[in-house]
Amino acid sequence: MTGQAQAIILGIETSCDETAASVVVRDQSGHGTIRSNVVRSQLDEHAAFGGVVPELAARAHVEWLDHIIAQAIEEAGIALRDIDAVAATAGPGLIGGVLVGLTTAKALAASLDKPLIAVNHLEGHALTARLTNGVKFPYLMLLVSGGHSQFVLVRGVGDYERWGGTIDDALGEAFDKVAKLLSLGHPGGPAVERIAREGDPKRFKFPKPLLREERLDFSFSGLKTAVRLQAEALAPLTDQDVADIAASFQETVAQIVGHRARQALEKFAAEFPGEPIRLVVAGGVAANRRIAEALQAPCTAFGAELIVPPIALCTDNGAMIAWAGAERLALEDTDSLAIAARPRWPLQDEDMRVKKHGA
Ligand code: KG4
Ligand code: ZN
């Protein structure tokens, strides 16, 4: 984009169990800088329940959001009136939380008389690598979080194509469920990874559902059941059994993800001959070393660049929403205050295309 002025964007994220706000500045050349990025995790509130309780999440967002926004503004060294636009997650996510964030954003936008940008949470993840690494379009994104597991072709702002995803559990969710059945606590991913270091990844052979099929989809629920049956068969479990099950599970999902990444890179190379091949990873599971290794191998084989933004920006945060807002504002693609929160909102959606082409 040429002729764009610098823009200061406030981003608000409340779609799951993080209350987050951030101030991001996008300069004339399209370069982004994070001025503040405040995240309050609700882990403690939900820990006793072994998962996120939507009602509790919404209440905690109500209680904390104003403070988090005030802190983000203060840490950025600006005043509220300096903001050029307010961006907030409008979906997909837990509707109570999304409503809290979006309604607050609307109130701020109205009172400051600034534009509102209703951001698709997945679009936030998809564009983060442009903020952190200045990645150029097109690129491939693998989003692996507690709520989502999908390959998305990112052709431009608002121009996304879903190449495949999970037909049941998300990958982070599978880690969390395996951790729960091994009594490792919540969130499970980091616990499974830690204990897996002590285990034998080859002791158990777990199924790799769907892997024989060409499509770029995942299925993790059968795998989780196989892990449960194995654990039940061995009960009572020794510490070594637990470590071996965790290691074998992690190894199985790493192989599945690595295999699918190879196919996705092949497809990208065929669709964009001569174009540099880039794979961007987003979502909390990107923190897993074994998964990162499994993604690096096919990237090296294809001469592709693997881009993993800093983990604090791979997991849910306000900066990714502010940045998506900044990219959309630069295209003068803002929203009316009448826009509704959406519990479901696929990235490759009619609304996205309508917006992009102005039809
Ligand atoms: O992106 P994220 O912070 O939140 C959303 O789900 O939106 O991702 C959290 C998920 C959880 O399921 C967590 O268990 C998983 O990411 N996770 C991991 C690791 N760290 C976090 N999974 C595997 N290995 C890890 N080291
Ligand atoms: Zn997320």
Side-chain angles (χ1 to χ4, degrees), residues 11-20 22 37 39-43 46-47 50-52 54 57 61 88-94 97-98 101 119-129 141-150 152 165-166 169-182 184-197 199 201 218 220 223-224 227 246-247 249-254 256-257 280-295 308-321 323-324 343 345-347:
I12 296 171
E13 160 59 37
T14 54
S15 67
C16 191
D17 59 345
E18 263 93 28
T19 311
S22 162
N37 191 22
V39 180
R40 181 187 179 273
S41 166
Q42 301 174 1
L43 267 185
H46 302 287
V52 179
H61 289 308
T89 299
L94 300 173
V98 175
V119 173
N120 180 311
H121 179 86
L122 306 174
E123 179 171 42
H125 280 302
L127 298 177
T128 297
M141 178 192 59
L142 172 62
L143 172 60
V144 272
S145 71
H148 304 276
S149 297
Q150 51 188 267
V152 175
T166 182
D169 293 349
L171 182 52
E173 191 181 356
F175 268 97
D176 293 338
K177 287 180 175 170
V178 165
K180 196 171 181 177
L181 70 89
L182 296 177
L184 297 175
H186 183 83
V192 170
E193 181 171 20
R194 206 175 319 114
I195 212 93
R197 281 192 212 116
F218 297 107
F220 295 115
L223 171 58
K224 171 203 67 197
V227 170
F249 162 76
Q250 180 176 267
E251 183 56 28
T252 306
V253 293
I256 293 170
V257 169
V280 168
V281 191
V285 184
N288 186 289
R289 290 261 191 93
R290 179 65 194 101
I291 304 261
E293 241 175 62
L295 290 170
V308 187
I311 196 65
L313 297 171
C314 281
T315 55
D316 291 350
N317 65 87
M320 73 184 203
I321 303 304
W323 175 251
W345 186 3
L347 197 47

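Count residues from 1 along the sequence. When a ligand or atom number is given, it counts from 1 through the structure's own listing order.
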Distance, nearest 0.5 Å, that separates [atom1] of [X] from [atom2] of [Y]:
X    : Y    : atom1 : atom2 : answer
E18  : N317 : CD    : CG    : 9.0 Å
L347 : H121 : CG    : NE2   : 11.0 Å
L182 : I195 : CG    : CD1   : 9.0 Å
L313 : M320 : CG    : CE    : 9.5 Å
S15  : I321 : OG    : CD1   : 7.0 Å

Point to revise | C314 vs V308 side-chain heavy atoms within contact, under 4.5 Å | key: yes
Review point. Going by heavy atoms in the side chains, are T166 and H148 under 4.5 Å from each other?
Key: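 Not touching, per the 4.5 Å side-chain cut-off.
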**Study point:** Charged N-O contact under 4.0 Å between E173 and K177
**Key:** yes
Check your understanding: Is the closest basic N to carboxylate O distance between R290 and E193 below 4.0 Å?
Key ->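 Looking at R290 and E193, the cut-off is not met.
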Which atoms of ligand 1 sit under 4.0 Å from any heavy atom of [X]?
X    : value
G283 : 1 (O)
F175 : 22 (N), 23 (C)
T315 : 1 (O), 3 (O)

[atom]: nearest protein contact (heavy atom, Å):
atom                    : result
atom 18 (C) of ligand 1 : G189 CA, 3.4 Å
atom 24 (N) of ligand 1 : N288 ND2, 3.0 Å
atom 7 (O) of ligand 1  : D316 OD2, 2.9 Å
atom 26 (N) of ligand 1 : E193 OE1, 2.7 Å
atom 11 (C) of ligand 1 : D176 OD2, 3.6 Å
atom 1 (O) of ligand 1  : G284 N, 2.9 Å
atom 15 (C) of ligand 1 : V285 CG2, 3.9 Å
atom 10 (C) of ligand 1 : G146 N, 3.5 Å

Point to revise | By ring-ring contact (aromatic ring centres under 6.0 Å, His included) - contacts of H61 (at least two apart) | key: none
Review point. Under the ring-ring contact (aromatic ring centres under 6.0 Å, His included) test, which residues partner F249, sequence neighbours left out?
Key: F175
Check your understanding: Which one holds for P190 and ligand 1: side chain close, backbone close, both close, or neither close, with close meaning a heavy atom under 4.0 Å?
Key ->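 The answer is both.
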Revision key, fill the gap. One checks the Zn ion (ligand 2) and counts protein N, O or S atoms under 2.8 Å, reaching 3
Check your understanding: So, does G147 sit close enough to ligand 1 that a heavy atom of it is under 4.0 Å from the ligand?
Key -> yes
**Study point:** Listed partners of A287 passing side-chain contact (heavy atoms from CB on, under 4.5 Å), at least two apart
**Key:** I311
